[in-house]
Structure formats: C-alpha cells, structure tokens
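A quick write-up on the structure given underneath.
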Amino acid sequence: QGQLVESGGGSVQAGGSLRLTCTVSRPIPRSSCVGWFRQGPGKEREGITSLYTGDNTPYYRDDSLRGRFTISRDSAENTFYLQMNSLKPEDTAKYYCAARLASFDCGMAQRIFNSWGQGTQVTVSS
C-alpha cells in the first residue's frame, strides 16, 4: 500500500475545467488499479473513473461521465490525474483518489481499492 495525496481542487465557474493530481508515496507497479471518487453534499461516495495501469484500460461508472472526465497517469512519476471539463454545479463535491497497487483487479467497485487520499474540494458555481 502507499499513501495518496490529492491536489488541484478549488472553485471554478460552470463550464470551466480543473485537473486533479494524486501523488502516491511509492512507485506505482505496472499492474495496478487507480481511480477517482467523489462525495457531494448529503450524498454517498460514488465512483467516477478508474484505470488499470497494466494496459491503460479506463473504466467509468457511467457513460455520461466519459466525455467530461478523463483519467491518466504519468508513468515516470508516482502520479495520476483527473481532467475535468465542462464542469457543472452538480459536480460540486469532495474528490478522492484511490488505488490498489500490484493488482490485476480493476473497475469501479470501491471494495477493489485499499488506499485512499484525504480528498480535495471542488466547488462549481453557476
């Protein structure tokens, strides 16, 4: 396991973009699962997208997220990202990165992930 730290959150107007970064405290093994989740006010935590680093296969909780949210990683660094475009007020939430290092299991189920960051707040105003 490694420690995860998110950065890049903040306030943005509707239609704007943000890129979140997750820094892992150890090298990400080639076959790992990394992902992003969020928890809005009064809501349960939900998945957004994840990535199996073995072959860079992305997973999305919902196809409606696929066009606005993109997960990627920097193989040279211990980091992965969430690019968020065309943000809407309903995207306001605390965003968490998660990982399961050295794993062939990947997807959007929260049980897959055994390391979590503390979260970073994203606020989208209309």
Side-chain angles (χ1 to χ4, degrees):
Q1 299 184 19
Q3 291 184 326
L4 280 63
V5 178
E6 303 93 342
S7 60
S11 297
V12 64
Q13 289 191 327
S17 298
L18 281 174
R19 188 175 81 158
L20 304 183
T21 299
C22 184
T23 302
V24 185
S25 62
R26 53 165 286 194
I28 300 174
R30 187 174 186 278
S31 295
S32 297
C33 188
V34 297
W36 290 95
F37 295 77
R38 68 184 181 185
Q39 187 168 17
K43 298 180 180 180
E44 293 187 354
R45 188 168 61 190
E46 62 182 11
I48 302 170
T49 180
S50 64
L51 181 75
Y52 175 60
T53 62
D55 60 7
N56 288 325
T57 297
Y59 299 87
Y60 288 87
R61 175 179 57 83
D62 188 282
D63 282 344
S64 66
L65 299 170
R66 188 182 295 267
R68 297 194 299 122
F69 294 82
T70 304
I71 188 171
S72 62
R73 66 169 292 211
D74 185 336
S75 58
E77 303 289 340
N78 305 339
T79 54
F80 58 99
Y81 309 97
L82 180 67
Q83 178 66 43
M84 305 185 293
N85 299 326
S86 301
L87 284 164
K88 305 174 182 179
E90 51 263 44
D91 295 318
T92 294
K94 195 166 188 179
Y95 285 69
Y96 299 86
C97 62
R100 187 177 187 99
L101 304 181
S103 171
F104 294 103
D105 190 13
C106 198
M108 290 313 311
Q110 296 191 38
R111 60 164 180 80
I112 292 173
F113 300 90
N114 59 4
S115 296
W116 293 81
Q118 294 299 307
T120 185
Q121 180 67 35
V122 171
T123 302
V124 184
S125 59
S126 58

**Basic-acidic side-chain contact under 4.0 Å: Asp91, Lys88** = no
**Asked** Is Val124 reachable from Leu20 through a run of hydrophobic residues whose side-chain heavy atoms are each under 4.5 Å from the next?
**Response** yes
**Asked** Do you know the tightest heavy-atom contact between Ser126 and Ala14?
**Response** CA-CB, 4.3 Å
**Asked** Could you state the interatomic distance from CG (Leu4) to OG (Ser25), rounded to the nearest 0.5 Å?
**Response** 7.0 Å
**Prompt:** Do Leu82 and Val12 sit in the same hydrophobic cluster, where Ile, Leu, Val, Met, Phe, Trp and Tyr count as joined when their side-chain heavy atoms come under 4.5 Å apart?
**Reply:** yes
**Request:** Kindly indicate whether a cation-pi arrangement holds for Arg38 with Tyr96, taking the cut-offs as under 6.0 Å to the six-membered ring centre and within 45° of the axis.
**Result:** no
**Prompt:** Just wondering, do Thr92 and Gln121 contact through their side chains at under 4.5 Å, heavy atoms?
**Reply:** yes
**Request:** Decide yes or no for Val34 and Ile71: does some side-chain heavy atom of the first lie under 4.5 Å from some side-chain heavy atom of the second?
**Result:** yes
**Asked** Donor-acceptor pair, Arg26 side chain versus Gly2 backbone, under 3.5 Å?
**Response** no
**Polar side-chain atom of Thr79 near backbone of Thr23 as donor-acceptor pair, under 3.5 Å** = no
**Item:** Main-chain N/O of Cys97 paired to Glu6 side chain as donor or acceptor, under 3.5 Å
**Value:** yes
**Prompt:** Within the side chain of Arg68, is there an N or O that forms a donor-acceptor pair under 3.5 Å with the backbone of Met84?
**Reply:** no
**Message:** If you define the side chain from C-beta out and look only at heavy atoms, does anything of Arg45 sit under 4.5 Å from Trp116?
**Reply:** yes
**Prompt:** Between Tyr81 and Asp74, is a side chain to side chain contact (heavy atoms under 4.5 Å, CB included) present by the stated rule, with each step listed?
**Reply:** CA-CA 8 Å; Tyr81 309 97; Asp74 185 336; 3.7 Å; yes
**Request:** Please confirm whether the backbone N or O of Tyr59 pairs with a side-chain atom of Thr49, one donor and one acceptor, at under 3.5 Å?
**Result:** yes
**Message:** Angle between ring planes, Tyr95 versus Phe69, binned at 30° and 60°: parallel, tilted or perpendicular?
**Reply:** parallel
**Asked** Are any side-chain N or O atoms of Ser31 and backbone N or O atoms of Ala102, one a donor and one an acceptor, separated by less than 3.5 Å?
**Response** no
**Request:** Determine, for Asp105 against Arg111, whether the closest basic-nitrogen to carboxylate-oxygen distance falls under 4.0 angstrom.
**Result:** yes
**Request:** Mark yes when over 12 heavy atoms from residues, nucleotides or ligands other than Gln118 sit less than 6.0 Å from its CD; otherwise mark no.
**Result:** no
**Message:** When you compare the side chain of Ser103 with that of Ser32, does any pair of heavy atoms fall below 4.5 Å?
**Reply:** no
**Prompt:** Are Phe104 and Ile112 linked, directly or through other ILVMFWY residues, by side chains that come within less than 4.5 angstrom of each other?
**Reply:** yes
**Item:** Validation row, ring centre Phe113 to ring centre Phe37 under 6.0 Å
**Value:** yes
**Request:** For residues Thr21 and Val5, determine if any side-chain heavy atom of one lies less than 4.5 Å from a side-chain heavy atom of the other.
**Result:** no
**Asked** SG of Cys33 to CD1 of Ile28: how many Å apart, nearest 0.5 Å?
**Response** 11.0 Å
**Prompt:** Same cluster or not: are Leu87 and Leu65 linked, directly or through other Ile, Leu, Val, Met, Phe, Trp or Tyr residues, by side-chain heavy atoms under 4.5 angstrom apart?
**Reply:** yes
**Message:** Under 6.0 Å from the ring centre and within 45 degrees of the ring axis: does the NZ or CZ of Arg61 meet both conditions for the six-membered ring of Trp36?
**Reply:** no
**Item:** Close side-chain approach of Ser17 and Gln83, heavy atoms under 4.5 Å
**Value:** yes
**Asked** Side chain of Thr53, backbone of Arg30: donor and acceptor closer than 3.5 Å?
**Response** yes
**Prompt:** Does CD belonging to Gln13 count more than 12 external heavy atoms closer than 6.0 Å?
**Reply:** no
**Asked** Can you find a pair of side-chain heavy atoms, one from Arg73 and one from Leu51, that are under 4.5 Å apart?
**Response** yes
**Request:** Report yes or no: do Leu18 and Tyr60 belong to one cluster of Ile/Leu/Val/Met/Phe/Trp/Tyr joined by side chain heavy-atom distances under 4.5 Å?
**Result:** yes
